[in-house]
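To start, the structure itself, in structure tokens.
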Amino acid sequence: MGSVNGPQQQWQPNCLQQTCGCRYRPYYEKLEYDYSKDETSKMGKHQPLPRIRQRGEYYIDSFNAESWACTFGTHEEAGIWMNSGDQAGSIMATLVWVLFIYSVITVTALTVTEGIPPILGMIYTLLVVMALACHAKTSLTDPGSVPKCAVPMEVQRRDSTSHSMCGQCQTFKPPFSHHCRICNRCVSRMDHHCPWMNNCVGAGNFKHFFLFLIYAWSSAAYALALFGWNYFFCADDDCIFDHIVVHLVRVMTVLAVGAFLFTSSMLMNVTYGIMTGIGTIDRLKKKATNTMSQSDEEPILLIDVFGIAGYHTWPFPVDPVFEDYDRVMGYSTPQRLSREQNFLERKRPLQTDIKPSQSIELPSCVNDFLPV
């Protein structure tokens, strides 16, 4: 996931970029520096240092600190994020695909038997493809797990003398984050753990989850509208379904009604969370303690959900580019801060400057910010 740091002042987007909502230039803002290259080797030349940025200008930290191991899991060393420890969640996530594929088969059968025009069947298939793509992206995307070396941001250290720690992870716990006992990780801005996704919904995959709800709701509403129009308003012989297809449509109608009601409820829940800044878990806790009136959370900005890469990227399940990755996630890391300092001081960033702690003890970078 890309990240952008700092407000932009020097570059003014053109008319097309303003229309698309582009707030940065993807290729121009990259550091274009290979942090993994061994600069101490005598073979080859040194890489050119990145260009100097003006004060307040964007830059993209293109360094990939994720594990390259071909392993599945939710632990920090896993190369591919996948929650494989929850059998019930795996079954429910698979069931979503089965039901969507069943609906596509039903609509395709209607199209083949000339029960509906082909263009209408193509539109429904497109909605289902987008919904399944968003589902896969939500399930296989890190929801915003907090690494062991996470430390408070500068503004957090300045405004508070003490910081929360997770008793399970034994690491810094950012504001609005929660520990998921299923994923066994702390997740930044965690909304809830969704068994239908077999994953947590947090700052890292909130966009993909929101898009899935929109496409799932749209496909259910579209199918019900299609069947309702055919049943109530079409009296031609062309509108009569094949005998076998009728049974498929009846089952799909029941599934579409259930999906429409469920996704409508979830969309209202997610929209409320964006407008108030209160996630599902926090809202349930506040209701249980009758402290909803004491909430001081601020609404979540849409750029903190969909990113600043442009409006044309919003409908698609691509990772958002955040204006300030640390602010969205609620933490920073010594590795990123070290790269930024080296970059500002025109030094050559060394990958071995700070290594993340892999022990179960508190990393030294966290101990530095704990109150005495």
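Residues take their numbers from the sequence shown, with the count starting at 1. Here the structure is a predicted model, which is why all the values come from computation and not from measurement.
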Margin query: Counting only heavy atoms from other residues, nucleotides and ligands, does the tally under 6.0 Å from CG of Asn290 exceed 12?
Written below: no
Checklist line | Gap between atom CD1 of Ile244 and atom OG1 of Thr113 - 0.5 Å precision | finding: 10.0 Å
Check: With no hydrogens and no angle check, is any side-chain donor or acceptor of Thr263 less than 3.5 Å from a backbone partner on Phe260?
Finding: yes
Notebook entry, point to check: Distance-only, no hydrogens or angles: does the Arg189 side chain make a donor-acceptor pair with backbone N or O of Gly202 under 3.5 Å?
Noted result: no
Notebook entry, point to check: Passes side-chain contact (heavy atoms from CB on, under 4.5 Å), Phe172 versus Ser164? Steps please.
Noted result: CA-CA 6 Å; Phe172 168 65; Ser164 300; 5.8 Å; no
Check: Have Asp191 and Thr280 got a donor and an acceptor in their side chains that come within less than 3.5 Å?
Finding: yes
Next item on the list: Indicate yes or no for a side-chain donor-acceptor contact from Thr71 to the backbone of Gly79 under 3.5 Å, with no hydrogens or angles considered.
Entry: yes
Margin query: Tell me whether Arg181 at atom CZ has more than 12 heavy atoms from other residues, nucleotides or ligands lying less than 6.0 Å away.
Written below: no
Next item on the list: Decide side-chain contact (heavy atoms from CB on, under 4.5 Å) for Phe210 and Leu267; before the verdict, give the C-alpha distance in whole Å, the side-chain angles of both, and the deciding distance to 0.1 Å.
Entry: CA-CA 8 Å; Phe210 193 27; Leu267 275 173; 3.6 Å; yes
Note to self: Membership question, hydrophobic clusters at under 4.5 Å side-chain separation (ILVMFWY): are Phe176 and Ile278 in the same one?
What the structure shows: no
Only distances under 3.5 Å count here; give the side-chain donor-acceptor pairs of residues 298-306 to other protein atoms, sequence neighbours excluded, each with its distance to 0.1 Å.
from: Asp304; atom 1: OD1; to: Arg327; atom 2: NH2; distance (Å): 3.0
from: Asp304; atom 1: OD2; to: Arg327; atom 2: NH1; distance (Å): 2.9

Margin query: Once rounded to the nearest 0.5 Å, what's the spacing between atom OH of Tyr215 and atom SG of Cys134?
Written below: 6.0 Å
Item checked: Heavy-atom donor-acceptor pair, Thr291 side chain to Lys287 backbone, under 3.5 Å -> no
Next item on the list: Evaluate the criterion salt bridge (charged side-chain N to carboxylate O under 4.0 Å, His left out) for residue pair Lys137 and Asp319; output intermediate values, then yes/no.
Entry: CA-CA 9 Å; Lys137 191 65 175 175; Asp319 289 331; 3.6 Å; yes
Notebook entry, point to check: In Å, rounded to the nearest 0.5 Å, how long is the span from CD1 of Ile123 to OG of Ser219?
Noted result: 13.0 Å
Notebook entry, point to check: With sequence neighbours left out, what residues match Trp81 under side-chain hydrogen bond (donor to acceptor under 3.5 Å, both in side chains)?
Noted result: Asn199
Check: Do Val187 and Ile274 belong together in a cluster built from hydrophobic side chains that touch within less than 4.5 Å?
Finding: no
Item checked: Sidechain-backbone polar pair: Thr141 side chain, Thr138 backbone, donor-acceptor under 3.5 Å -> no
Next item on the list: Begin with the C-alpha distance, continue with both residues' side-chain angles, and end with the deciding distance and a verdict on salt bridge (charged side-chain N to carboxylate O under 4.0 Å, His left out) for Arg185 and Asp142.
Entry: CA-CA 11 Å; Arg185 295 291 296 275; Asp142 187 339; 5.5 Å; no
Next item on the list: Measure across Ser139 and Met197 and return the closest heavy-atom pair with its distance rounded to 0.1 Å.
Entry: OG-O, 2.7 Å
Check: Do you know the tightest heavy-atom contact between Phe206 and Val270?
Finding: CZ-CG1, 3.4 Å
Check: Under a 4.5 Å cut-off applied to non-hydrogen side-chain atoms, are Tyr272 and Met268 in contact?
Finding: no
Notebook entry, point to check: Looking at side-chain heavy atoms only, is the closest gap between Pro147 and Glu76 below 4.5 Å?
Noted result: yes
Next item on the list: Answer yes if the side chains of His178 and Asp282 hold a donor-acceptor pair under 3.5 Å, and no otherwise.
Entry: yes
Margin query: I want to check something: taking the side chain as every heavy atom from C-beta on, are Tyr222 and Phe227 in contact at a cut-off of under 4.5 Å?
Written below: no
Item checked: Within-4.5 Å side-chain heavy-atom neighbours: Met329 and Pro174 -> no
Notebook entry, point to check: Taking the six-membered ring where the residue is Trp, are the ring centres of His163 and Tyr331 under 6.0 Å apart?
Noted result: no
Item checked: Heavy-atom closest pair, residues Asn198 and Ala93 -> CB-CB, 3.9 Å
Note to self: Applying side-chain hydrogen bond (donor to acceptor under 3.5 Å, both in side chains), can you list everything that pairs with His135, at least two apart in sequence or on another chain?
What the structure shows: Trp97
Next item on the list: Side-chain contact test, heavy atoms from C-beta onward, threshold under 4.5 Å: evaluate it for Trp196 versus Leu95 and give yes or no.
Entry: yes
Notebook entry, point to check: Under 4.5 Å between side-chain heavy atoms, hopping through other hydrophobics if needed: is there a path connecting Leu261 to Leu127?
Noted result: yes
Item checked: Ser332 side chain to Asp326 side chain, donor-acceptor N/O pair below 3.5 angstrom -> yes
Margin query: Quick check: do Leu140 and Met82 have side-chain heavy atoms less than 4.5 Å from each other?
Written below: yes
Note to self: Rounded at 0.5 Å granularity, tell me how far CG in Asn184 sits from NE2 in His179.
What the structure shows: 4.5 Å
Note to self: I'd like to know whether Lys286 forms a side-chain contact (heavy atoms from CB on, under 4.5 Å) with Met292, so could you lay out the CA-CA distance, the side-chain angles of the two residues, the decisive distance to 0.1 Å, and finally the verdict.
What the structure shows: CA-CA 5 Å; Lys286 290 178 180 294; Met292 281 293 292; 3.5 Å; yes
Notebook entry, point to check: Rounded to the nearest 0.5 Å, how far does SG of Cys200 lie from CG of Asn205?
Noted result: 8.5 Å
Check: Can you tell if the side chain of Val251 reaches within under 4.5 Å of the side chain of Tyr102, non-hydrogen atoms only?
Finding: yes
Notebook entry, point to check: Counting N and O atoms only, with roles assigned by atom type, does the side chain of Ser188 sit under 3.5 Å from a partner on the main chain of Gly144, one being a donor and the other an acceptor?
Noted result: yes
Notebook entry, point to check: Do Phe262 and Val201 sit in the same hydrophobic cluster, where Ile, Leu, Val, Met, Phe, Trp and Tyr count as joined when their side-chain heavy atoms come under 4.5 Å apart?
Noted result: yes
Check: Can you tell me if Asp86 uses its side chain to pair, donor with acceptor, with the backbone of Asn83 under 3.5 Å?
Finding: no
Next item on the list: Ignoring hydrogens and angles, tell me if any N or O in the side chain of Lys207 forms a donor-acceptor pair with the backbone of Val318 under 3.5 Å.
Entry: yes
Check: Do we see a donor-acceptor contact under 3.5 Å between the side chains of Tyr124 and Ser103?
Finding: yes
Notebook entry, point to check: Between the main-chain N or O of Gly310 and the side-chain N or O of Thr313, is there a donor-acceptor pair closer than 3.5 Å?
Noted result: yes
Check: Do Leu284 and His192 come close enough that some side-chain heavy atom pair is under 4.5 Å?
Finding: no
Next item on the list: Work out which heavy atom in Pro315 is nearest to a heavy atom in Met130; give both atom names and the distance.
Entry: O-CE, 3.5 Å
Checklist line | Closest heavy-atom pair and its distance - Leu224, Ala256 | finding: CD2-CB, 3.7 Å
Check: Step by step, would you call Ile116 with Val107 a side-chain contact (heavy atoms from CB on, under 4.5 Å)?
Finding: CA-CA 8 Å; Ile116 59 174; Val107 172; 3.9 Å; yes
Item checked: Aromatic ring pairing Tyr311/Trp314, orientation class (parallel under 30°, perpendicular over 60°, tilted between) -> perpendicular
Notebook entry, point to check: Taking all non-hydrogen atoms of both residues, which atom of Ser218 and which atom of Ile214 are closest, and how far apart?
Noted result: OG-O, 2.7 Å
Note to self: Quick check for you: to the nearest 0.5 Å, what is the distance between Thr106 atom OG1 and Leu248 atom CG?
What the structure shows: 4.5 Å
Check: Are Ile105 and Leu110 connected, step by step, through hydrophobic side chains (Ile, Leu, Val, Met, Phe, Trp, Tyr) whose heavy atoms are closer than 4.5 Å?
Finding: no
